[in-house]
Amino acid sequence: VMREAIMAVAYARASRDGSPTEEQLRNAAHFLSVTFKYEFIYDPVARFKESFAQTLDEFITAGIFLRRKLETDDGLQDVLMMPSRGTAHHTMEMLHFIMEPWLEAYWLLAMGLHEFLEPDGTEMSQREFMRKLQDMAIKRYHVSDIQCAEAGSATTFGHALEAYASLGYV
């Protein structure tokens with residue numbers, strides 16, 4: 001179900017500016033697959049193209065996505081849309097919600113990097129940083145900034161930190 005959940009989150013991101021092309025959706029899904037490589041067991045590089053194509057075909061067959069031609073400034077463009085009626089929106093919402101604890105944890109880490117690390121480069125132990133992140137997660141959960149208490153998991157924060165490092169963010 002993680003392939004499908006990644007597809008749902010990727011669609012939410014890729015469709016912010018309108019119906020995405022398959023390439024825009026693929027790029028968003030690839031970014032998420034690489035980012036969450038420490039969370040889920042899959043090979044995001046070697047098999048990504050086949051996995052993406054299979055998941056996209058399943059979404060189209062299930063009627064979650066529709067292929068349409070859309071007139072743009074560049075001419076006709078093939079895009080992916082969700083039907084205006086039916087269960088597609090509920091399915092996508094449920095799949096997106098599956099990813100919520102990880103999305104929130106990675107967001108908390110980004111906020112923590114900004115909030116807790118000193119601009120002058122003063123060092124902080126990873127243990128102290130993780131403690132501060134977990135305290136922040138508890139506070140943000142209690143004021144409803146995040147929905148998932150499990151977003152404050154030290155394990156997920158550790159994976160997120162590894163992912164951010166591998167992507168060159170830290």
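Heavy atoms only: backbone and side chains are in, while hydrogens, waters and symmetry mates are out.
Closest approach of Ala88 to Gly63, counting heavy atoms only: CB-O, 4.1 Å. Contact between Ala151 and Ala105 at its shortest, heavy atoms only, is O-CB, 3.2 Å. Across all their heavy atoms, Ser15 and Ala12 have their closest contact at OG-O, 3.5 Å. In terms of heavy-atom proximity, Leu109 sits nearest to Phe129 at CD1-CE2, 3.5 Å. The minimum heavy-atom distance between Leu25 and Pro20, with the atom names listed, is N-CB, 4.5 Å.
Distance check: Thr87 OG1 to Glu93 CD gives 12.5 Å after rounding to the nearest 0.5 Å. Remark: Met2 CE to Leu95 CG distance equals 9.5 Å, nearest 0.5 Å. Interatomic distance, CZ of Arg67 versus CD1 of Ile60, reported as 3.5 Å (0.5 Å rounding). Here the CH2-CD distance, from Trp107 to Glu100, works out to 11.0 Å after rounding to the nearest 0.5 Å. Taking CH2 of Trp102 as the start and OG1 of Thr35 as the end, the distance is 14.5 Å to the nearest 0.5 Å. The distance from the CD1 atom of Ile64 to the NE2 atom of His89 is 11.0 Å, given to the nearest 0.5 Å.
Between Arg140 and Glu104, none of the side-chain N atoms (NZ, or NE/NH1/NH2) sits under 4.0 Å from a carboxylate O, so this pair counts as no salt bridge. Under a 4.0 Å N-O distance rule, the pair Arg26/Glu23 does not qualify as a salt bridge. A salt bridge links Arg131 with Asp135: the closest approach of a Lys/Arg side-chain nitrogen to an acidic carboxylate oxygen falls below 4.0 angstrom. Lys132 has no carboxylate O lying under 4.0 Å from a charged side-chain N of Glu115, or vice versa, which leaves the two without a salt bridge.
No side-chain heavy atom of Lys37 sits under 4.5 Å from any side-chain heavy atom of His159. Under the 4.5 Å side-chain criterion, counting only non-hydrogen atoms from C-beta, Leu103 is in contact with His96. Using a 4.5 Å cut-off on side-chain heavy atoms (C-beta onward), Phe59 and Thr91 make no contact. Counting only heavy atoms from C-beta outward, the side chains of Leu117 and Val170 never approach each other to under 4.5 Å. Side-chain contact between Gln24 and Leu80: absent, with no pair of heavy atoms (C-beta onward) separated by less than 4.5 Å. Contact of the Met82 side chain with the Tyr11 side chain is registered, since non-hydrogen atoms from C-beta on lie closer than 4.5 Å. When side chains are defined from C-beta on, Phe40 does not count as touching Arg3, because their heavy atoms never get closer than 4.5 Å.
No path of Ile, Leu, Val, Met, Phe, Trp and Tyr side chains, each step under 4.5 Å between heavy atoms, connects Phe65 with Val79, placing them in separate hydrophobic clusters. Residues Phe97 and Ile146 fall into different hydrophobic clusters, defined by Ile, Leu, Val, Met, Phe, Trp and Tyr side chains chained together at heavy-atom separations under 4.5 Å. At a threshold of 4.5 Å between side-chain heavy atoms, the hydrophobic network of Ile, Leu, Val, Met, Phe, Trp and Tyr places Phe52 and Met81 in two separate groups. Linking Ile, Leu, Val, Met, Phe, Trp and Tyr whenever their side-chain heavy atoms come within less than 4.5 Å puts Met111 and Met99 in one cluster. Hydrophobic clustering (side-chain heavy atoms under 4.5 Å, transitive across Ile, Leu, Val, Met, Phe, Trp, Tyr) groups Met7 together with Val1.
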Exercise. Take Glu4 and Ile98 through the test side-chain contact (heavy atoms from CB on, under 4.5 Å) and record every step on the way to the result.
Key: CA-CA 10 Å; Glu4 293 84 356; Ile98 289 170; over 6 Å; no
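Aromatic ring centres of Tyr106 and Phe36 lie closer together than 6.0 Å.
Under 3.5 Å, the side chains of Gln54 and Glu50 contain no donor-acceptor pair of N or O atoms.
Environment of OH in Tyr38: crowded, with over 12 heavy atoms of neighbouring residues, nucleotides or ligands closer than 6.0 Å. In Tyr141, the OH atom is not crowded: 12 or fewer heavy atoms of neighbouring residues, nucleotides or ligands sit closer than 6.0 Å.
Using modelled atom types, one side-chain atom of Gln134 and one backbone atom of Gly152 make a donor-acceptor pair closer than 3.5 Å. The closest donor-acceptor contact from the side chain of Thr61 to the backbone of Glu58 lies at 3.5 Å or more, if one exists at all.
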